[in-house]
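These figures come from a predicted structure and were not determined experimentally. Here is the naming used below: chain letters follow the sequence lines, and residue numbers restart at 1 for every chain. Values below: every heavy atom of this structure, side chains too, minus hydrogens, waters and symmetry copies.
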Amino acid sequence: MTTTLRDTIAAAFRAAIDRAAADLDWPAEARDAAIEVERPGDPAHGDLASSVALRLAKPLRKPPLAIAEAIRDRFPASEVVATVEVASPGFVNVRLDPRWVVRQADAITSAGADFGRTKALAGQRIQVEYISANPTGPMTVANARGGPMGDVLANVLAFMGAEVTREFYLNDRNTQIDVLGRSVALRYRELHGEKVEIPADGYPLEYVIDIAQRIRDHEGDRYIGMSLDEQARAFAPKAVDIVAHEWLPRAAERFGMHFDVWTRESTFMDSGYVGDTIKELRARDAIEDRDSAVWLKSKELGEDIESVVIRSDPGHTPTYLGIDIAYHRHCLVERGFDRKVDIWGANTHGHMRRMRTALTALGLIDRWDVVIYQYVKFMHEGVLAKMGKRTGRILLLEDVIDAVGVDVARWFFLQSSPDRTLDFDFELAVRQSSENPAYYVQYAHARIASIFRTAADRGLTTASADTSILTSPGDAVVVKALLRFPELVQDVMERRAPHLLTGYALELAGMFHAYYKDHRVVGDDPALSRARLRLVEAVQVTLKQVLGLLGISAPETM
RNA sequence: GCCCCCAUAGCUCAGCGGAUAGAGCGACGGCCUCCGAAGCCGUAGACGGGCGUUCGAUUCGCCCUGGGGGUACCA
């Protein structure tokens, strides 16, 4: 299925308008008009409708009803469309032929795992970078929000034919890592009997003690004679290894996310590629030297501030921005990705703008997408609070997975728009997990599996099912909902809105549950039973597709 | 100050400029001699305020109010 129903109907409108324009001498605007096809809320208004006649009224200087009628009269005949009606003040309402509709259940089941799949992005290599938390501690719910979003977007890109690489970028050498090293050193000393105090800007949480304990278990007291600075320098990379090699990947895998590539920021600092990138920016007149630092001329290039890319310190170390520009260039120029998609938290908004400036200067901007998602707040001692590893207020992702399971946890993150702040009430999540919408959807899938078990007991299968005998209005209603799935895939991509999939899944499940109530699937009439089995099979296929993209399991039993 | 995001039912959230704004939880009332009641049906309940654009605004623009984020030679 590469053409959506929406596109098919839009093409029919296009043809009708072009014909009307030729017949009636309409001006050029008629041919240029964008045709938007929508699903009316009221079934009385048909299955699909367009307001194109209302939009054309002004440029054509004709009454919308007259335009609508002209379109209606020239609407191409097809097996898909039953009737075309005009409604005041100028809508053109299309009703699908129910015989065609129910037949699509056959097409959906035979497409199976390919239902909704397209080749729209075939041949494109796309990198999706998400989470990319500082490796200064275990994965928190705040870090994790971008996870399911990036994961689902990556799934959808792959579903549209792209060759996708899922990447986790580790900021493994910076001042925060130094702070972590120092905190570990203090805990290490504490384990050896010294009385210590974690400074306000240190990492106060227990996991730091775990790291110190690990070091002590493996290497004993061999560091005890060193200065704090020496210890901090020695421990920082060890701490990063534990976090980056063990904790973060474990949390990611448990959350159903597999990263193809883990890239370390330090490899760029050491490779000379940053210097090379700065040279390129300089050649493009996007760099200036001032106060012995190197600046991106972002202000001159349209931003409200300028930013340092190479510090004025003795080592002339690059800033996070400088390295990240190099990293993006490396991905797009050296590694050969056609696109890079970044899923970033709201706090990177300023960074995003400077990156945009830099990538524009480098001529790479058209190949970069960034999705910014808003913060996660959580209930801490009765109030909504912002998480922070340094403030000691965190909620671990794995604790949430332990409490509610991975499917419910993923659903929770995927149900709301990236533009909205997420308030996470752990107690509430646990209390409501047994009533979670995820189960509502999974239950529909399992219920269909159960119907098939019952059918098998009675020797019924979908073999030689004849869906043309499905003539109750309820049959077509369900299949029409299924036909929206390929459109949803497009919408998720275009709007970068994974949460549309959870909404659709809910709608689909609700539609099935209602159908189930009113339509006996396995009944006395074998032909009808076979046909309805085929229909619910199509529902199951579609639910499985949606849940698959969401990374949520589709159980046979619950 | 400037920039970005948000404000929809008691709570948590959907809603592509369209024709009667939807779910879930919570409240109330119904439905299992029949394919899974983790379900179904019904009742009550909402677009923060103002101005504008438009044939039509919850949706777009501006202003106000209230939240959140950013505005580092941190990441």
Study note, to complete from the structure: Considering only heavy side-chain atoms of A:D419, the closest of B:A75, B:C5, B:G36 is B:C5
Practice item. Compare the minimum distances between each of B:C40, B:G17, B:G70 and the side chain of A:Y440, then state the nucleotide with the smallest one. Key: B:C40
Review point. For RNA chain B, whose closest nucleotide is more 5', that of A:R520 or that of A:L321?
Key: A:R520
Review point. Can you tell me the Watson-Crick or wobble partner of B:G17, both distances under 3.5 angstrom?
Key: none
Review point. Taking the side chain of A:H349 as its heavy atoms from C-beta onward, which of B:C4, B:G68, B:G39 lies nearest to it?
Key: B:C4
Practice item. Report the distance from atom CD of A:E435 to atom C1' of B:C11, rounded to the nearest whole Å. Key: 14 Å
Practice item. Mind telling me whether A:W368 and A:H328 have parallel, tilted or perpendicular rings, with 30° and 60° as the class edges? Key: perpendicular
Check your understanding: Given that both distances must come in under 3.5 Å, which nucleotide forms a Watson-Crick or G-U wobble pair with B:C32?
Key -> none
Check your understanding: Which of the following nucleotides, B:G68, B:C35, B:C4, is nearest to the side chain of A:I451?
Key -> B:C35
Exercise for review: Could you tell me whether the side chain of A:N93 has a donor or acceptor atom within less than 3.5 Å of a complementary atom in the base of B:A19?
Suggested key: yes
Revision key, fill the gap. Per atom distances to the A:H513 side chain, the nearest of B:C5, B:A37, B:C40 is B:C40
Practice item. Please tell me if the side chains of A:L153 and A:V492 come closer than 4.5 Å, counting only heavy atoms from C-beta onward. Key: yes
Point to revise | Integer-rounded Å distance: B:A14 P and A:R39 CZ | key: 22 Å
Check your understanding: Between the side-chain atoms of A:S450 and the base atoms of B:G36, is any donor-acceptor pair under 3.5 Å?
Key -> yes
Study note, to complete from the structure: Ranking A:F452 and A:S417 by the position along RNA chain B of their nearest nucleotide, the one closer to 5' is A:S417
Review point. OP1, OP2 of B:A37 versus side-chain N and O of A:R447: anything below 4.0 Å?
Key: yes
Point to revise | A:V521, nearest nucleotide to its side chain (from B:C35, B:A19, B:A75) | key: B:C35
Check your understanding: According to the 5.5 Å centroid and 30° plane-angle thresholds, does A:F91 stack upon the nucleobase of B:A19?
Key -> yes
Review point. Between A:H499 and B:A14, do the rings stack, that is, sit under 5.5 Å apart with planes less than 30° off each other?
Key: no
Check your understanding: So which nucleotide does B:G24 pair with, by the Watson-Crick or G-U wobble rule with both distances under 3.5 Å?
Key -> B:C11
Review point. Are A:R282 and A:D289 ion-paired here, with the side-chain N under 4.0 Å from a carboxylate O?
Key: yes
Practice item. Output the single nucleotide from B:C16, B:A38, B:G70 whose closest atom is nearest the side chain of A:Y439. Key: B:A38
Review point. Are A:H45 and A:F91 close enough that their ring centres sit under 6.0 Å apart?
Key: no
Exercise for review: Please answer whether B:C35 and A:Y516 are stacked, defined here as ring centres separated by less than 5.5 Å and planes angled under 30°.
Suggested key: yes
Check your understanding: Does A:K58 put a side-chain nitrogen or oxygen below 4.0 Å from OP1 or OP2 of B:C55?
Key -> yes
Review point. Partner of B:C60 by Watson-Crick or G-U wobble geometry, both contacts under 3.5 Å, or none?
Key: B:G52
Practice item. Searching all strands shown, indicate the nucleotide that pairs with B:C2 (Watson-Crick or G-U wobble; both distances under 3.5 Å). Key: B:G70
Practice item. Record whether the side chain of A:S312 comes under 3.5 Å of the base of B:C73 through a donor-acceptor pair of N or O atoms. Key: yes
Revision key, fill the gap. side-chain hydrogen bond (donor to acceptor under 3.5 Å, both in side chains) test vs A:R173 passes for just one of A:D270, A:D178, A:T317, namely A:D270
Check your understanding: Do A:R484's NZ or CZ and the ring of A:Y504 fall within the cation-pi criteria of under 6.0 Å and 45°?
Key -> no
Practice item. When you get a sec, tell me which of B:C35, B:A75, B:G39 is the closest nucleotide to the side chain of A:T175? Key: B:A75
